[in-house]
Amino acid sequence: MSIAINKSVCVGCGKCRDVCPGSLIKIGEDKKAYIKYPKDCWGCTSCIKECPVYAIRFFLGADIGGRGSLVHTEKEGDILHWIIEHPDGKISQIDVNQKESNKY
């Protein structure tokens, strides 16, 4: 499991760095986020959910059944859209109401 940060999209807000439980994400001299050792990523997806410009993707490898898919999130009010980009070009979406998701 690992993340990839698209530096050309990153705005350097630092939200990803602030929520990373492993303190793996840093802000470089160019004011952009980076992860020096992606293999150390815990796969918690906290950074993905906090990125306001969707600059972070999570790689779903074959070891977890993802077959190379990439995942990112997009927020729309209380709805968090999980966007899955499959290697064959297909896009899937899972919508989660953040206010309702922890009720149980």
Which atoms form the tightest heavy-atom contact between [X] and [Y], and what is the distance?
X     : Y     : value
Val53 : Cys10 : CG2-CA, 4.4 Å
Cys41 : Ile35 : CB-CD1, 4.3 Å
His72 : Ile56 : CB-O, 3.6 Å
Cys51 : Ala55 : SG-N, 3.2 Å
Gly77 : Gln98 : O-OE1, 4.5 Å
Pro38 : Ile3  : CB-O, 4.1 Å

- prompt: Just by distance, do the side chain of Lys26 and the backbone of Lys32 share a donor-acceptor pair under 3.5 Å?
  reply: no
Do [X] and [Y] come within less than 4.5 Å of each other through their side chains, counting heavy atoms only?
X     : Y     : value
Phe58 : Leu70 : no
Ile5  : Ile25 : yes
Asp95 : Trp82 : no
Pro87 : Ser69 : yes

field: side-chain hydrogen bond (donor to acceptor under 3.5 Å, both in side chains): pairs with one or both residues in residues 7-21, sequence neighbours excluded
entry: Asn6-Ser8, Lys7-Asp30
- prompt: With a 4.0 Å cut-off, would you call Glu85 and Lys90 a salt bridge?
  reply: no
message: Can you tell me how far apart OH (Tyr37) and OG (Ser2) are? Round to the nearest 0.5 Å.
response: 13.5 Å
query: What distance separates Thr73 OG1 from Arg57 CZ, expressed to the nearest 0.5 Å?
result: 9.0 Å
field: Donor + acceptor pair across side chains of His81, Glu74 (<3.5 Å)
entry: no
- prompt: Any chain of hydrophobic side-chain contacts (each under 4.5 Å) joining Val96 to Ile48?
  reply: yes
field: Same apolar cluster: Val19 and Tyr34, side chain cutoff 4.5 Å
entry: no
- request: Verify side chain to side chain contact (heavy atoms under 4.5 Å, CB included) between Ile94 and Leu80, making sure each step is shown before the conclusion.
  value: CA-CA 8 Å; Ile94 301 168; Leu80 185 64; over 6 Å; no
message: Before you tell me yes or no, could you show the steps for Ile91 and Ile83 under side chain to side chain contact (heavy atoms under 4.5 Å, CB included), namely the whole-Å CA-CA distance, both residues' side-chain angles and the distance that decides it to 0.1 Å?
response: CA-CA 7 Å; Ile91 304 288; Ile83 314 296; 3.8 Å; yes
